Amino acid sequence: MDAVLTEPRTRAVTKHERYRVSVAEYETFRRHGFLVVPGLVSQDEIDELRQHTEDLMQGRLPEQSTEMTERDTAGDGGVSIQRLEAPPAHLSPVEKAQYFLRIHMLHRKLKLHERYLLHPRVLDVLEVLIGPDLLALQTMLFLKPPGKPGQGWHQDSYYIPTHPDSLCGAWIAIDDCDEFNGAMWMATGSQHEPVYPPKSGYGHGDRAVQGIMRIEGASNPDDSQNDLAKIADRYPQLLVPARAGDVVFFAGHILHRSKRNYTTDRFRRSFVGHYCNARSFTQWGADAVADDVHASLAVDPITKMTNGSHILARGDTHLPFALPRFDTPCAALLSPEERRKQSEYAAAMMGDMESGMMGAMEADPELEEDDE
């Protein structure tokens with residue numbers, strides 16, 4: 001079980017080639033609600049993820065100790081979720097793969113998933129877009145074999161609410177994806193929309209907005225049954241093709257969807273992480289039942305805050321957070337003094353108002369300090 005941080009297990013943070021977000025990329029994310037960063041994840045890492053997914057779909061992981069119940073996989077819907085189980089052993093390799101569409105929250109069970117949730121170059125981008133303080137909330141592994149359905153229009157903050165709302169997804173393409181094998185579509189500009197709450201059942205939204213529409217059918221791939229399709233139609237709908245190793249970052253409010261994998265011989269695999277600013281408050285997972293993979297491991301009994309279930313990836317926070325179960329390098333493993341030192345460049349200094357610098361000396365936050 002992940003624990004709320006009390007005494008950190010201090011580790012040295014591994015050095016990496018830091019990714020620098022450009023002004024143009026920053027503007028693109030703010031204007032359109034999403035950003036594609038080409039080749040952010042290396043080919044060696046993509047090869048590792050591909051081998052991992054092959055092993056998982058064939059039931060070769062040691063953690064797949066139980067076998068799935070046999071089922072008609074043609075009936076799988078766009079939001080069907082599997083667990084870390086092996087497919088029935090008597091099936092062919094192709095039939096075994098059809099038993100998987102997606103699996104959630106494997107960073108709590110597998111070291112590899114925690115490592116990609118905390119991938120340093122992914123965090124570099126997120127630090128600029130929603131940071132500098134980052135909380136890592138969720139992982140999803142999409143397998144999407146040939147013929148599998150897509151997911152209809154939805155907003156991620158509908159499922160994972162944070163306050164203030166700072167949710168951002170990071171979608172690592174494991175396979176090349178296009179209109180044929182089920183790439184994502186974005187209703188570009190719709191990140192400015194409020195989050196539309198459900199008429200009934202699970203879901204969150206901006207209920208305080210006067211006259212806001214209550215919706216039905218979020219994530220339903222049939223537009224006639226999904227009320228969000230009408231809202232998405234107000235915006236240009238852009239296909240977001242990606243090459244393996246590209247990462248798509250998208251805001252929590254943007255309306256997005258995917259369509260069926262129409263191919264007969266191509267997968268559309270991706271590894272997705274969700275993050276928020278570590279100063280945001282969340283109750284996500286507080287009310288989930290114990291056997292739900294999304295159930296929070298640390299819930300404040302009074303406020304239902306669940307921040308203590310999620311890993312502090314970068315920066316610092318005044319709120320609780322969890323340690324990485326597999327000791328993946330991140331801010332959670334630093335001492336409070338080390339975290340403060342790393343974020344000192346963001347501190348404001350008050351002084352002489354006439355200078356325009358308010359009395360502060362110009363500083364370069366990219367400058368490496370000499371420890372001597």
Side-chain angles (χ1 to χ4, degrees), residues 33-34 71-83 98-104 138 140-161 165 167 169 171 177-207 209-241 248 250-263 267-268 270 272 274 284 287-289 292-294:
F34 71 97
R71 72 176 193 273
D72 179 6
T73 58
D76 289 349
V79 293
S80 297
I81 301 174
Q82 288 71 53
R83 292 180 177 270
Q98 285 293 323
Y99 267 69
F100 295 93
L101 177 60
R102 61 179 178 179
I103 307 179
H104 290 191
Q138 185 209 37
M140 300 189 293
L141 180 68
F142 285 88
L143 291 313
K144 202 168 183 177
K148 287 296 184 186
Q151 183 174 358
W153 292 111
H154 63 283
Q155 298 167 291
D156 286 354
S157 290
Y158 176 92
Y159 297 105
I160 308 176
D165 194 338
L167 190 72
W171 195 96
C177 56
D178 51 36
E179 66 270 36
F180 302 110
N181 68 339
M184 285 197 295
W185 291 77
M186 299 284 175
T188 181
S190 65
Q191 74 276 9
H192 299 302
E193 290 281 348
V195 176
Y196 289 88
K199 287 182 180 178
S200 61
Y202 181 83
H204 303 270
D206 294 313
R207 292 179 171 85
V209 176
Q210 183 177 3
I212 194 167
M213 178 176 69
R214 264 63 171 179
I215 64 159
E216 291 181 320
S219 291
N220 191 325
D222 181 349
D223 285 356
S224 68
Q225 303 296 317
N226 185 337
D227 289 338
L228 290 174
K230 305 180 187 71
I231 299 167
D233 284 344
R234 301 172 188 168
Y235 298 91
Q237 296 173 13
L238 300 183
L239 177 73
V240 187
V248 184
F250 51 102
H253 285 224
I254 191 169
L255 289 155
H256 59 290
R257 69 167 303 162
S258 65
K259 297 183 181 181
R260 179 177 297 276
N261 183 347
Y262 291 104
T263 71
F267 286 77
R268 196 229 61 182
S270 59
V272 187
H274 279 97
W284 180 61
D287 295 326
V289 295
D292 186 334
V293 296
H294 305 99

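Nothing here was measured: the structure is a model prediction, and the numbers come from that model.
Trp171 is linked by a ring pair (Phe, Tyr, Trp, His ring centres under 6.0 Å) to nothing, counting only residues two or more places apart in sequence or in another chain. In terms of the salt bridge (Lys or Arg N to Asp or Glu O under 4.0 Å) criterion, Asp206 has no residue partners (sequence neighbours excluded). Under the salt bridge (Lys or Arg N to Asp or Glu O under 4.0 Å) criterion, Arg71 pairs with Asp76, sequence neighbours left out. For His256, the ring pair (Phe, Tyr, Trp, His ring centres under 6.0 Å) partners are His154, Phe250, not counting sequence neighbours. Residues that satisfy the side chain to side chain contact (heavy atoms under 4.5 Å, CB included) test with Asp222, not counting sequence neighbours, are Asn220, Ser224, Gln225.
The nearest pair of heavy atoms linking Pro241 to Ala183 is CA-CB, 4.5 Å. For the pair Pro197 and Tyr158, the tightest heavy-atom approach, listed with the atom from each and the gap, is C-CE1, 4.2 Å.
Within the 4.5 Å cutoff, no side-chain heavy atoms of Ser157 are placed close to those of His204. Residues Arg268 and Lys148 form no side-chain contact, since every pair of their non-hydrogen atoms from C-beta on lies 4.5 Å or further apart. Contact check for Met186 versus Val248: side-chain heavy atoms found under the 4.5 Å cut-off. Put simply, the side chain of Tyr99 does not reach to within 4.5 Å of the side chain of Gln82, judged on heavy atoms.
Screening Ser219, Ser80, Ser258 against Gln151 for a side-chain hydrogen bond (donor to acceptor under 3.5 Å, both in side chains) leaves a single residue, Ser219.
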Step-by-step side-chain contact (heavy atoms from CB on, under 4.5 Å) determination, Tyr159 to Tyr202
CA-CA 8 Å; Tyr159 297 105; Tyr202 181 83; 4.0 Å; yes
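For residues 228-240, every residue pair satisfying the salt bridge (Lys or Arg N to Asp or Glu O under 4.0 Å) rule, not counting sequence neighbours, is listed here: Glu193-Arg234, Asp227-Lys230.
Between Gln138 atom CD and Leu167 atom CG the span is 8.5 Å, to the nearest 0.5 Å.
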